[in-house]
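What follows is a single structure, written as structure tokens, with notes after it.
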Number of protein chains: 2
Amino acid sequence: MRRPTLEAVAARAGVSRATASRVVNGQATVAPHIRDAVLRAIDELGYVPNSAARSLVTQRTDSIALVVSEPPTRVFSEDPLFSTVIRSASVELEAVNKQVVLMLASSPMSHARVERYIAGGHVDGVMLISMHGADPLPSALSRLRVPVVSYGRPAVPVDIPYVDNDNVGGAELAVRHLVSTGRRRIATIAGPQDMIGGQDRLTGYRTVLRDSDRRSIVAVGDFTRESGAVAMRQLLGDDPSLDAVFVANDLMAVGALQSLRLAGRRVPDDVAVVGFDDIEAAKYTEPPLTTIRHPVVEQATAMVRLLLGLFEGGPADPVILPTELVIRDSA
Amino acid sequence: MRRPTLEAVAARAGVSRATASRVVNGQATVAPHIRDAVLRAIDELGYVPNSAARSLVTQRTDSIALVVSEPPTRVFSEDPLFSTVIRSASVELEAVNKQVVLMLASSPMSHARVERYIAGGHVDGVMLISMHGADPLPSALSRLRVPVVSYGRPAVPVDIPYVDNDNVGGAELAVRHLVSTGRRRIATIAGPQDMIGGQDRLTGYRTVLRDSDRRSIVAVGDFTRESGAVAMRQLLGDDPSLDAVFVANDLMAVGALQSLRLAGRRVPDDVAVVGFDDIEAAKYTEPPLTTIRHPVVEQATAMVRLLLGLFEGGPADPVILPTELVIRDSA
DNA sequence: TTGGGCTGAGAGAGCGCTCTCTCAGAAGGG
DNA sequence: CCCTTCTGAGAGAGCGCTCTCTCAGCCCAA
């Protein structure tokens with residue numbers, strides 16, 4: 001009733017276990033007719049190698065931990081990027097026959113759990129998706145002797161290779177677009193400043209405003225729709241004459257559009273709005289949202305390749321992917 | 001340089017490997033002072049059990065496959081329910097120290113891969129998230145000698161316990177609400193008929209209409225926003241005098257609202273709209289969407305409990321969770 | 001005092017696999 | 001024709017752990 005072992009395959013094929021193993025692992029030093037006999041036996045018995053036994057001796061597990069370290073705001077969990085990243089990374093890893101072990105690290109308790117698990121050598125490598133700056137996980141994992149890559153630049157300077165999009169450049173693109181279309185009073189709704197994306201996108205905004213001799217008008221949100229609505233109301237109160245706003249992500253931009261509508265401002269006539277991320281919903285806002293697209297899928301696959309490269313002693317250099325301005329109707 | 005083994009712990013504590021193992025596994029038959037010595041040794045050496053070795057002998061892996069069998073339309077991947085289900089299930093499984101192995105089964109090739117993997121005994125159980133009817137995976141997996149539970153009733157009759165929400169009842173709730181508010185010509189935008197959700201929600205609609213002596217007006221979408229918009233236009237063409245529409249999911253309802261707006265119909269004055277799912281976006285449509293809420297998180301955790309119960313020889317009865325009408329402004 | 005029952009701890013087998021070492025036999029060179 | 005080289009295949013150790021079996025030592029009743 002038990003699953004067949006290599007021993008059984010060997011017996012059936014009339015060879016030794018070692019030879020059967022060689023066939024299973026595709027070594028060339030097996031005579032064709034013997035290989036065929038073994039393959040037939042494998043097929044007949046429905047043999048599947050026992051991975052526990054295999055990794056016990058090889059010291060490899062062929063599985064990769066995908067650690068999602070979620071910020072307290074939970075914005076990430078509702079973020080469509082979340083599933084896209086996980087999906088893309090999974091597809092890529094499955095293509096090279098690596099298992100994906102999904103781990104959530106939201107509480108300190110689960111942090112400890114993840115650390116213990118990784119330290120336990122259950123996985124060959126770690127892909128870390130961590131978004132908020134105070135996260136102790138990047139530095140904790142970098143101390144372990146396990147290859148780790150990060151989706152997004154870690155907020156604390158730590159020696160982990162990462163893949164990120166050009167947040168600063170993207171924000172510059174957005175604001176420069178507003179400048180070039182003649183907007184004078186360009187505000188921003190920034191993201192949380194303990195997240196890299198929040199920081200960098202604000203930096204990009206500031207850089208362009210400084211260079212174009214405009215005053216910066218800043219409100220801060222937390223990447224949720226509501227916070228975008230609140231921040232927009234606040235900006236309108238602070239400076240009723242503003243004629244453009246760069247919002248650090250699309251979710252907040254949706255909220256901002258709502259507040260603008262409620263305040264009776266026409267978009268883009270009175271106020272131009274540019275978002276960031278190009279989420280699906282950006283196409284369906286009223287008016288459709290001009291935004292910055294960054295290549296989520298590419299970022300995920302680049303992360304996988306970076307990690308796989310690490311296994312073979314490849315370079316540990318960060319990868320920065322370009323962003324792109326998508327012009328719709330809001331600006 | 002290698003990770004410490006149980007042998008090392010035993011040596012340091014001055015006991016046998018067997019005793020060290022007893023302590024690690026929390027057996028009571030160890031004298032307190034010896035237990036302490038072992039625990040100290042574990043701590044000092046930073047010992048973590050090797051799971052490969054352990055599962056080699058216990059024949060357990062303590063990991064669960066979360067198989068996402070995606071319909072070709074890819075609607076699921078953009079569905080916010082996707083991440084909610086995965087997240088909830090993960091949290092629940094991690095609480096009982098089970099690993100989550102995420103597997104995507106989108107192509108026939110990856111189907112084979114998943115089957116091979118499951119057959120290989122790499123996991124103790126399978127949670128199957130499969131949405132479209134033609135999926136061969138449920139029946140394939142049910143043949144394997146591995147506990148399997150399904151998120152949502154499998155479309156083909158197959159002997160897998162599942163957790164689902166009451167799609168029929170939910171649809172009835174929605175349509176009955178429209179009837180009770182005096183709507184006369186109630187149309188529906190149904191979901192794909194090769195998905196259980198699509199079928200059942202249409203059934204619920206038909207049941208109530210029949211009982212209340214109204215004619216059914218049906219258009220079919222594929223659960224995407226666009227298809228909802230298209231279907232709505234079609235319905236308006238078919239029966240310009242319709243005064244209500246039950247849409248089988250919120251995504252399509254968003255599209256329908258758009259088409260209604262474009263056609264100059266006021267919601268809910270001219271046409272009442274009820275959706276299904278209560279996704280986040282339903283709160284922010286214009287007007288906010290009346291819809292049917294089903295407990296996604298509860299469904300996911302119930303699925304986990306069902307699977308864990310199976311391990312202990314628990315019942316394999318399907319679990320059906322109730323739905324709830326959420327009244328906003330669209331109906 | 002002696003024997004039986006019980007408790008706590010060790011010895012050792014074995015889970016299924018890989019991989020080194022060894023060796024038989026064929027091929028090739030002097 | 002013999003010795004060396006090479007190739008293909010087997011023997012066997014051992015990865016780190018669990019768990020059964022065994023047994024030493026203790027307590028208590030007879």
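Lettering of chains follows the sequences in order, A, B, ..., and the numbering in each one begins at 1.
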If you check every side-chain atom of [X], which of [options] has the closest atom?
X	options	value
Tyr47(A)	dA9(D), dC17(C), dC17(D)	dC17(C)
Leu56(A)	dC17(C), dG16(D), dC17(D)	dG16(D)
Thr58(A)	dG8(D), dC19(C), dC17(C)	dC19(C)

Worksheet item: Roughly how far, to the nearest 0.5 Å, is the OH atom of Tyr151(B) from the CG atom of Asn165(B)?
Response: 7.0 Å

Worksheet entry | Polar side-chain atom of Arg116(B) near backbone of Val48(A) as donor-acceptor pair, under 3.5 Å | no

Worksheet item: Judged by atom type as modelled, is there a donor-acceptor pair below 3.5 Å linking the side chain of Glu115(B) to the main-chain atoms of Ala140(B)?
Response: no

Measuring to OP1 and OP2 of [N], would you say a side-chain N or O of [X] lies under 4.0 angstrom away?
X	N	result
Gln59(A)	dT18(C)	no
Asn50(A)	dC15(C)	no
Ser16(B)	dG10(C)	yes
Ser21(A)	dT18(C)	yes

Worksheet entry | Sugar-phosphate only, base, or nothing, as touched by Ala18(A) at under 4.0 Å among non-hydrogen atoms | base

Worksheet item: Reckon Val15(B) touches a base, only the sugar-phosphate, or nothing at all at heavy-atom distances under 4.0 Å?
Response: sugar-phosphate

In this structure, how many angstroms lie between the [atom2] atom of [N] and the [atom1] atom of [X], rounded?
X	N	atom1	atom2	value
Asn25(B)	dC19(D)	CG	C1'	10 Å
Arg54(A)	dG14(D)	CZ	P	22 Å
Asp62(A)	dC17(C)	CG	P	15 Å
Leu6(B)	dA11(C)	CG	C1'	14 Å

Worksheet item: Among Ile129(A), Val297(A), Val68(A), whose side chain to side chain contact (heavy atoms under 4.5 Å, CB included) with Val85(A) holds?
Response: Ile129(A)

Worksheet entry | N/O donor-acceptor pair, side chain Arg22(A) with base dG10(D), under 3.5 angstrom | yes

Worksheet item: Does a distance-only test, which skips hydrogens and angles, find a donor-acceptor pair under 3.5 Å between the side chain of Arg35(B) and the base of dG8(C)?
Response: no

Practice prompt. Using the closest heavy atom to pick a nucleotide of DNA chain C for each, name whichever of Arg60(A) or Ala52(A) lands nearer the 5' end.
Written response: Ala52(A)

Worksheet item: Between Met127(A) and Val304(A), what is the shortest heavy-atom contact and its length?
Response: SD-CG2, 3.9 Å

Worksheet item: For DNA chain D, whose closest nucleotide is more 5', that of Arg17(A) or that of Val30(A)?
Response: Val30(A)

